[in-house]
Amino acid sequence: MPPSKTRYVTACQQLLALGLVLAALTPAASVISLDVVREEPSRGASAGHPAASLSAYTKAQAKESVLPAAPVDPDVTEVALTAAPAAAGHKTSSLVPGRVTANARSKPGMLPGSTQVTSVPEPVTGYGAIGVTWEHGVQMTEQTLSFQLRTRTGDTWTDWSLLPYDADHAPDPNSAEGRHSRPGTEPVIVGDVDQVQIRALSKSGVVPADMKLAVIDPGTPTRTVTERGALDTNTMDGSTGDPASLVEAEALADDTLVDTTSGTTSSDGAISMSAATYTPKPVIYSRAQWGADESMRDKSSLHYYEVHAGFVHHTVNANDYTRNEVPGIIRSIYAYHTQSKGWSDIGYNFVVDRFGRIWEARYGGIDRPVVGAHTLGYNDYSFAMSAIGNYDIKQPSEAMVQAYGALFAWKLSLHGVNAASTKQWVGSKYFQAINGHRDAGQTACPGRYLYARIPDIRKLAAEAQRGWAGRQLESNLASTVNPDLIVRRASDGQAFILPTGGMTGFAPAATVPVEVAAGDTVTPTGDITGDGEGDLLVQAADGTSRVLPGDGKGGFGAAIKPGTAFQGRDLVTAVGDVNGDGRNDLVARRTSDGALNTYLGSGQGGFLRRYVGTGFAGYDKLAATGDVNGDGFGDLLARDRTGKLWLYAGTGTKAFAAAVPLAGSWGKYDTITGYGDYNADGLGDLLVRAAGEPAYVLPSHGDGTFGHALGPVNRAMGPDSLAGADLTAGPTPDLLTRTGNTLAILPNNGTFDLGPAIPTGIDVSSANRLLNAGDWDRDGFGDIITRNATTGVLYLRRGDGTGHFGKAIQIGTGFGQVGLLAAVGDMTGDGYPDLMGQPAGHDIRIYPGNGLAGLKMSYVAHGAIDAGTQIPVGRWDGDGAPDSLFRKGSRLTLYPGNGPGGLTSPKTVGLDLTPYDWFIGISDESLTGHPDVLAREKATGYLWLFQGTESGFAKRRFMGEGMQAYDLAG
């Protein structure tokens with residue numbers, strides 16, 4: 001298929017996809033992941049329906065355009081108007097009064113002391129353009145030097161009209177192109193005329209040296225094609241001319257695909273990662289489609305930096321051009337900027353015509369942060385699109401305004417910028433995300449009429465943006481939406497998933513409408529009434545008791561089964577099923593002699609009291625949480641007054657085995673309670689609290705011992721007393737709190753810190769890298785990538801959302817010497833996760849993901865970084881672009897991401913990494929907006945969570961133990 005036909009098909013597909021996405025934007029606007037400030041509907045913008053708001057632009061893209069089929073060479077004729085200064089002792093700031101050449105004449109100007117220089121008439125060929133430039137380094141202002149032009153067609157000259165000069169349309173002076181560029185007027189299209197003449201008026205009487213008139217013929221295509229905009233906005237290397245680099249040729253990103261059919265999906269098609277949204281891509285005409293001759297630009301000057309905002313410009317040309325004349329107009333601007341002004345390329349990143357067509361202008365990749373020459377002082381931190389025409393005298397079309405909205409929505413989203421943002425740091429000051437050129441300098445650009453439409457452009461762009469949920473690092477592979485680790489067991493090379501569950505926590509307290517007196521004792525328990533819901537036992541000061549049946553929602557019914565069975569007893573404690581009859585039981589201590597009784601539940605709110613034995617007088621607390629020692633029977637814990645905790649193992653009868661002391665210091669706690677499994681590992685845990693401090697969960701090991709504390713549970717810090725029981729929906733225990741005579745329930749969120757390891761059944765003993773790749777193929781489930789230690793081949797294994805994975809699919813070769821290899825989330829903004837790495841001896845590169853098709857062509861993201869580990873952390877610094885941390889020894893450095901541009905200037909992060917040998921970036925554990933990091937402590941094998949904040953990391957939080965068993969993680 002010829003290139004023009006290929007581009008035609010691609011354009012049709014893009015246009016169809018854009019239309020479908022835009023049609024769906026009304027409901028999607030409610031799920032934008034940032035707080036987007038909405039402006040009130042203004043002139044030209046449809047209220048509340050983005051698809052309708054972009055209807056004129058969308059309609060314009062359906063039309064075909066007549067375009068050159070090959071590069072077209074413009075012809076630039078330059079005529080010297082003033083002499084160049086003598087080389088000897090010359091300074092670039094020289095001004096030469098009255099030294100005009102034979103191509104011009106000088107006479108006193110219209111003002112006293114002024115000088116007027118007028119060119120001789122010059123012929124114009126083709127649909128011509130003209131401009132005037134002068135010596136590099138000479139600073140003139142529009143107030144001291146002005147220009148006029150007139151044209152002749154046949155025997156008739158037009159009146160003199162303004163030839164605009166805007167000193168702020170320029171590269172930054174300290175840039176490579178700024179150090180040799182020539183100041184000059186704007187290029188003005190004069191059209192099909194016979195001759196042109198210009199005159200310059202200097203109010204000071206001094207005109208700059210080496211002043212030249214440039215007359216540009218944009219050239220005529222030898223052959224044309226008729227097609228729509230066909231630029232593939234998925235290309236990440238600006239692939240409109242330059243070949244792949246030498247590094248690419250060495251097979252660092254071989255995109256060979258072996259098998260596209262393996263892997264599994266869920267039977268019901270559930271999409272657990274459906275939040276991978278991204279802003280729709282606009283239709284853009286490529287440089288090739290306007291006939292760019294790539295040899296005219298200075299390839300060595302191409303460079304990238306950052307995009308924090310966008311600027312609206314206009315070219316100050318005539319407004320009556322036709323559709324077919326636009327490619328020639330762009331070529332004229334290109335030739336004037338590169339050949340006459342000495343810039344490295346056309347100054348703008350994009351241009352848009354009055355018909356609503358967007359054109360790629362400056363080379364380097366439309367989706368990358370290419371530094372242009374458009375907004376003096378702010379080029380490194382922004383991009384610009386210029387409207388072809390003079391919008392100080394003409395209203396912009398609706399299609400043009402909407403094209404600005406579509407382009408700015410997409411381009412800003414790539415670089416993590418909210419189109420509605422009113423505060424973006426752009427080099428040296430704050431701007432809005434979308435601005436007119438006049439907001440940054442003393443200029444009329446982009447003309448009063450286009451500038452008046454910028455509020456509409458902001459609104460359109462904000463409505464079209466879809467947020468950055470898909471730009472976040474994805475780390476969930478099984479069990480929950482929270483991040484997980486893929487690890488390798490050192491003993492046999494088997495892969496396991498270590499799931500996290502959002503951290504142990506409780507919802508805000510809900511008051512229980514139960515009246516209790518000051519002397520009452522309230523004990524929550526499992527179901528003792530036979531309805532399957534947790535209940536309360538309330539014991540009055542006189543020893544009488546009543547059972548309040550729970551409703552499973554935190555409420556309780558009227559009291560039943562009043563009685564005196566608990567008279568003379570204290571330390572009433574729910575212990576679960578002691579005797580194995582399937583019903584919940586309690587224990588209590590007789591205050592007269594310290595004897596223990598079991599209260600075997602009838603299942604209907606009543607109890608059968610049985611004597612256990614004496615010897616409990618020395619205890620001040622009893623607690624139970626099911627089977628602690630792993631023998632299958634419910635156990636009892638008792639703390640003596642010296643602070644020692646004792647285990648009374650259950651026997652399956654009313655009795656308990658002899659007490660066994662447990663290790664640890666337990667005297668500091670005012671609360672020791674169960675009852676149930678707080679960390680989702682199937683074992684009963686304890687919740688403890690010291691006076692005036694938050695509560696913590698002590699996870700059971702299942703062998704009669706307890707592990708490192710999990711928490712804190714801050715909501716449990718205030719109440720007078722706490723007791724655990726399942727009182728609401730869900731299998732995890734809630735907390736009943738009491739403050740004075742008020743009862744409340746802290747419902748368990750059902751979250752946990754680190755769950756039990758999930759075996760994947762995959763042997764990864766041959767791998768030297770495990771990557772949690774996120775949803776690589778966009779089927780809704782997290783996937784993993786492994787690298788073979790011997791061959792350097794990358795393999796994708798597609799997940800099914802349960803911790804199991806399909807067979808290996810080869811997606812890349814030649815990665816054996818790629819260091820700092822990491823899965824970095826969607827850096828490119830196309831909806832697919834990507835990889836990043838550093839080939840030995842080369843720069844950091846982005847390897848864009850392409851789903852089951854493997855990888856696209858890679859490109860440089862940053863210069864070489866001397867580090868031992870790359871730690872991708874998603875959108876860590878708060879914008880919409882994924883970031884990365886790099887570790888060298890004990891130091892940690894943040895390299896903020898800039899979307900497709902990769903990484904930008906580093907910032908030191910104040911965290912001592914000496915104790916840790918793993919430091920792994922994950923998605924947001926608490927699902928509140930900041931990605932986090934998991935670290936393994938070398939000395940203990942403990943896993944710690946470092947939660948990301950606006951300014952760094954919060955205090956570390958313990959997640960789990962036993963990590964010494966694994967030798968590879970990702």
Apply side chain to side chain contact (heavy atoms under 4.5 Å, CB included) to residues Ser382 and Glu306 and explain how you reach the verdict. CA-CA 7 Å; Ser382 64; Glu306 301 175 9; over 6 Å; no
Full working for side chain to side chain contact (heavy atoms under 4.5 Å, CB included) between Phe311 and Ile434: CA-CA 6 Å; Phe311 286 95; Ile434 299 174; over 6 Å; no
If I compare all heavy atoms of [X] with all of [Y], which pair ends up nearest, and what's the gap?
X      : Y      : answer
Pro280 : Ala464 : CD-O, 3.5 Å
Val370 : Asn349 : O-ND2, 3.1 Å
Lys411 : His415 : O-CD2, 3.0 Å
Thr315 : Gly389 : OG1-N, 3.0 Å
Ile358 : Phe350 : CG2-CD2, 4.3 Å
Val225 : Pro68  : CG2-O, 4.3 Å

Test item: [X] side-chain N/O and [Y] main-chain N/O as donor-acceptor pair under 3.5 Å:
X      : Y      : answer
Asn379 : His374 : yes
Arg331 : Pro74  : no
Thr375 : Tyr378 : no
Asn850 : Lys856 : no
Gln61  : Thr58  : no
Glu227 : Leu67  : no
Thr158 : Thr151 : yes
Trp776 : Gly851 : yes

Validation row: [X], [Y] side chains within 4.5 angstrom (heavy atoms):
X      : Y      : answer
Asn317 : Val188 : yes
Ser65  : Arg228 : no
Val307 : Leu414 : no
Leu450 : Val312 : yes
Trp359 : Val326 : yes
Leu412 : Asn418 : no

Centroid separation Phe431 to Trp425 less than 6.0 Å: no
Is it true that [X] and [Y] make a salt bridge, defined as a side-chain N closer than 4.0 Å to a carboxylate O?
X      : Y      : answer
Lys59  : Glu398 : no
Arg778 : Glu474 : yes
Asp345 : Arg287 : yes

Excluding sequence neighbours, so at least two apart, what forms ring-ring contact (aromatic ring centres under 6.0 Å, His included) with Phe408?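 Counting only residues at least two positions away or on another chain, Phe408 forms a ring-ring contact (aromatic ring centres under 6.0 Å, His included) with Phe383, Tyr404.
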Residues which pass ring-ring contact (aromatic ring centres under 6.0 Å, His included) with His437, listed by chain and number, not counting sequence neighbours: His169, His313
Does Arg448 count as lying over the ring of Tyr391, i.e. NZ or CZ under 6.0 Å from the six-ring centre, within 45 degrees of the axis?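 Judged by the rule (NZ or CZ under 6.0 Å from the ring centre, within 45° of its axis), Arg448 is not positioned above Tyr391.
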Should the ring pair Trp290 and Tyr334 be called parallel, tilted or perpendicular, given that the plane angle runs from 0 to 90° and is split at 30 and 60? perpendicular
Between Gln289 and Glu360, a side-chain donor and acceptor under 3.5 Å: no
Establish, from distance only, whether the side-chain atoms of Tyr449 and Gln395 form a donor-acceptor pair under 3.5 Å. no
Working note: Thr904 + Asn898, criterion side-chain hydrogen bond (donor to acceptor under 3.5 Å, both in side chains); need CA distance, chi angles, decisive distance, verdict. CA-CA 7 Å; Thr904 60; Asn898 194 27; over 6 Å; no
For Ala861, check side chain to side chain contact (heavy atoms under 4.5 Å, CB included) against everything at least two apart and list the hits. Met836, Ile844, Ile846
Could you walk me through whether Tyr321 and Ile329 pass the side chain to side chain contact (heavy atoms under 4.5 Å, CB included) check? CA-CA 9 Å; Tyr321 53 85; Ile329 292 174; 3.7 Å; yes
